[in-house]
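Take a look at the structure below.
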Amino acid sequence: MDTPILEMKSITKEFPGVKALDEVTFSVKKGEIHCLVGENGAGKSTLMKVLSGVHPYGSYSGEIYVEGELQKFNGIRDSERAGIAIIYQELALIPELSVYENIFLGNELTDGMVINANETIKQSIDILEKVGLRVNPETKIRDLGVGKQQLVEIAKALKKQVKILILDEPTAALNENDSDNLLKLILELKKQGVTSILISHKLREVLAIADTVTVLRDGKTICTLDASDGQLTEAVLIRNMVGRSIDNVFPKRKAHNIGKEALRLENWGAYSPSLGRDVLKDVNLNVHDGEIVGIAGLMGSGRTELAKSIFGNPDEYRLSGKIFVNGHEAKFSNPRDAIDARLAYVTEDRKRNGLILIQDVKQNITLANLEELTRVGVIDENEEIVVANRSKEDLNIKTPSIEQFLRNLSGGNQQKVSLAKWLFVKPGVMILDEPTRGIDVGAKYEIYTVMNALVEQGMSIIMISSELPEVLGMSDRVYVMSAGRIKGELSASEATQEKIMELAVDY
Amino acid sequence: MTEERITPGKSKKSSALLELLRKNISQYFMFIALIGIMVIFTITTKGVFISSRNISNLLNQMGYIAVLAVGMTLVIIIRHIDLSVGYLAGFLGAFSAIALTFWGWPVYAVLPVVLILGVISGLLTSTPIAKLGVPAFVSTMAAGLIFRGALLLVTMGTGTIIIRDRLYNAIGNGFIPDLKLFVLPGNRHFLTLLIGLIFIILYIVNAVKSRNKKLSYKFDVLSPSLFVMQLVLVSVIIGYIAWTLSGYNGISWSLVIVLLVVGIFQFITTKTPLGRHIYAVGGNPEAAELSGISVSKITYIVFGAMGLLSALSGIMYASRLHSATTTAGLGFETDAIAAAFVGGVSAAGGVGTITGSIVGALVMMSLTSGMNLMGIDISLQYIVRGAVLVLAVVVDRATRKNR
Ligand SMILES: Nc1ncnc2c1ncn2[C@@H]1O[C@H](COP(=O)(O)OP(=O)(O)OP(=O)(O)O)[C@@H](O)[C@H]1O
Ligand SMILES: [Mg+2]
């Protein structure tokens, strides 16, 4: 038997109050695609951060062998030298630099002392081609959506000499097309001899490309399964991940009444002066009390712009059209107005504009509705703790304490905090932008259950989602967007993946 | 901190103490450093440093920097900087001198007018920042130049303006009157001791109340022994300060102003929604905006407060010197910024406390005072203060990292 290209033995890593990894063993064969799965907070990202030197040698116990040699990484530089490249769950690009500058950051191509921009751009185009991203390399990162940014990250990693490529939830932000492209890319790299470690909550794609799957739960290795023979099923994975079986991905919904109209948009449009065109045009849609309306569409189809413009935060866009809340025309000049009209908006990119990572769980949860906790001008901090603890229990947020800083929570649990925050404003209409991105199957089920309970109580939900099964499984009605317009409206009974995709690619 | 965390009594106690220490290590560290510095100077000056007279002087001297440091803390928390505060203070100090001496305005008219002018200046300075996203560095530097010009302009004809108003000059030099009920040995200031006692009682009552409140919620609290230790420690500190001050004229008006400012701003930042909003804007402006917090409004409020405190600082300084000079305000901003950073404010935004910055101001002031007493040359003093500033920030970063 060959020595494995990577072996991690009895890795234990503790944070104050949390044992994130507990005697984890993890072994990867040369040239394989090895998937790492587990619930939110299971320790997947932490294990990869140990491997890549983010948590340096000495801050954990256990041993790491790469091609049989003991490694003591003190930082990313060390692991890169050993041929390990990692793409983090949290994107690590510089927003103000262009795509090509980001790709070559730290490895600039130079003529003598001067950066050779032309050559860099030329090479960037090739690399971008590889990851299937068609953008001008001179575009600034901040002008790209998260999906495209993810592709740039991958391009950046590919540029280095990699033996082991680690991808932490690379497809979480991607739509199906781009995910497929990415998976093909990983298979392609496998042919060229690159070993990949992939973390994902999308079990379908795990089964599609994995040779081997390792399951982590509560910081322990539960099992390593062979997936190359096609015998492995989602049910087996889920059972190992959550310790019980989940029969339905979508919880059953009680029949409930759909009531009066809660929100309506008429000829809604947004014009971008800097782009010189409409980013939204002739959008007519509505949502009723007790209804979940899904908004499907490809990346860049204007869904997030729609959500932000409804919520009184249209960035630089000039809005036109009318908005009606409970039958009355409304005008939101800022998010405060929207919140006061009992709207809530759970953002797509929780790190960038959803949460405050340097504050603790409780402060994040109460931020949008401090009035409720304020008595004669003073925040009642005891009440605040009660509220936060209740949210923590209701949504099953995994954190040692509500006083934990948000940046120390796993991605999925951050998303739950984001949801908790907006539930605390007790909204009538809730806009969820990719609500289950990066969330494990068990937690997804929990979030869907919460959504069902909310609409049963009469709340309206607008759910923007790139995951078609989710759109189909949860929506009472589906709007499909493309190029800033609504291309069609489908009832739950009409909607199928094919029909949605057909409308979504109709420019 | 949650009710469901069950740990056996003994280990919980010690872990609670460790937890407390760990969480606040960077704050405690500067406090401990301050005490260390004071002890060292007390030794090197053979006790002169710790004498009532010197401590009283030190506190009065730091007044005009302390109030600036409070405002600067807020400004840095929301990821900005204000370089205009020194000259704004200088200009408004000169304005008040002119109004008093040349225009014959009474003090009670001058003070509110100057304070309001301070707020207006702060708002004007921050308009390009809040509305157009001009970097605060640029906008406030420009404002600083303008205020400097204004200061030179108004003092051009006269040069230094001597202020003769006794009420006004008392702000920077006077002490609270004593209740002459009886004479204490050593001529100690009775009212000062009484105020110290009242502070101690208020503190204890408050602490017990808030602990009981927490207990009624079944939250974790400090164990009784630790709690009593904390009460005793704080009471001793307050008592000691009051005792020291009572040995030399008692509490000064300067100190009263600083305590009021610190009390008010500490309250706002820690207890009110406005305070939360300020930290939220500093922590992540985009998320704050989408949470219904107007970032531009918070920016105006913070710079408005900074303007107000600059005006106050200018008054305190002019009053202390009995005069307005053409160089008043020079370098105040540097001292205020240094105090804030020594006190643990983070330039990345969202992190910092009012009390921390006051400790920072005390550290810097103690250095100056101690070195002056030792007769150390001014050139060396600058070098030491620079080194301490860097050191403090390095230590702060190191202790913050492992959280
Ligand atoms: N820097 C840190 N400080 C404290 N706790 C941490 C830190 N990083 C991670 N943790 C904790 O360690 C545990 C494992 O987190 P990790 O990010 O590895 O989970 P994950 O499996 O990647 O989850 P997800 O699927 O949600 O991304 C969590 O309980 C998390 O809160
Ligand atoms: Mg993770």
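Each chain gets a letter, A, B and so on, in the order its sequence line appears, and its residues count up from 1. Values in this document were obtained by computation on a predicted structure and should not be read as measured data.
- When heavy atoms are compared at a cutoff of 4.5 Å, B:Tyr279 approaches chain A by way of both its backbone and its side chain.
- Looking at A:Val425, there are no atoms closer than 4.5 Å to chain B (heavy atoms on both sides), in backbone or side chain.
- For A:Glu383, the parts lying near chain B are the backbone and the side chain together; criterion is any non-hydrogen pair under 4.5 Å.
- For the atom pair B:Leu274 CG and A:Thr374 OG1, the distance stands at 11.0 Å (nearest 0.5 Å).
- Interface residue A:Ile358: only side-chain heavy atoms are found under 4.5 Å from chain B.
- Heavy-atom neighbours of B:Lys271 NZ from other residues, nucleotides or ligands within 6.0 Å: at or below the threshold of 12.
- Residue B:Phe199 qualifies as open at atom CZ: its count of foreign heavy atoms under 6.0 Å is 12 or below.
- Side-chain contact between A:Glu384 and B:Arg276 is present, with at least one heavy-atom pair separated by less than 4.5 Å.
- Of the listed residues (B:Gly350, B:Gly292, B:Ser294), the greatest number of heavy-atom pairs within a distance under 4.5 Å of chain A belongs to B:Gly292.
- With a 6.0 Å radius and a threshold of 12 heavy atoms from other residues, nucleotides or ligands, B:Phe227 has its CZ atom above the threshold.
- The environment of A:Lys426 atom NZ is dense: over 12 non-hydrogen atoms of other residues, nucleotides or ligands sit within 6.0 angstrom.
- The line from OH of B:Tyr217 to CG of A:Asp380 is 4.5 Å long, rounded to the nearest 0.5 Å.
- For the atom pair CG (B:Leu290) and CZ (A:Arg352), the distance works out to 9.5 Å, reported to the nearest 0.5 Å.
- Taking 4.5 Å as the limit, some side-chain heavy atom of B:Glu289 sits within range of a side-chain heavy atom of A:Pro335.
- Of the atoms belonging to A:Asn313, it is side-chain heavy atoms, and not backbone ones, that fall under 4.5 Å from chain B.
- Contact of A:Ser59 with chain B is not made at all, since no heavy-atom distance falls under 4.5 Å.
- Between the side chain of B:Asn284 and the backbone N or O of A:Lys351 there is at least one donor-acceptor pair closer than 3.5 Å.
- Contact annotation: the side chain of A:Ile385 approaches that of B:Phe219 to within less than 4.5 Å [non-hydrogen atoms, C-beta and beyond].
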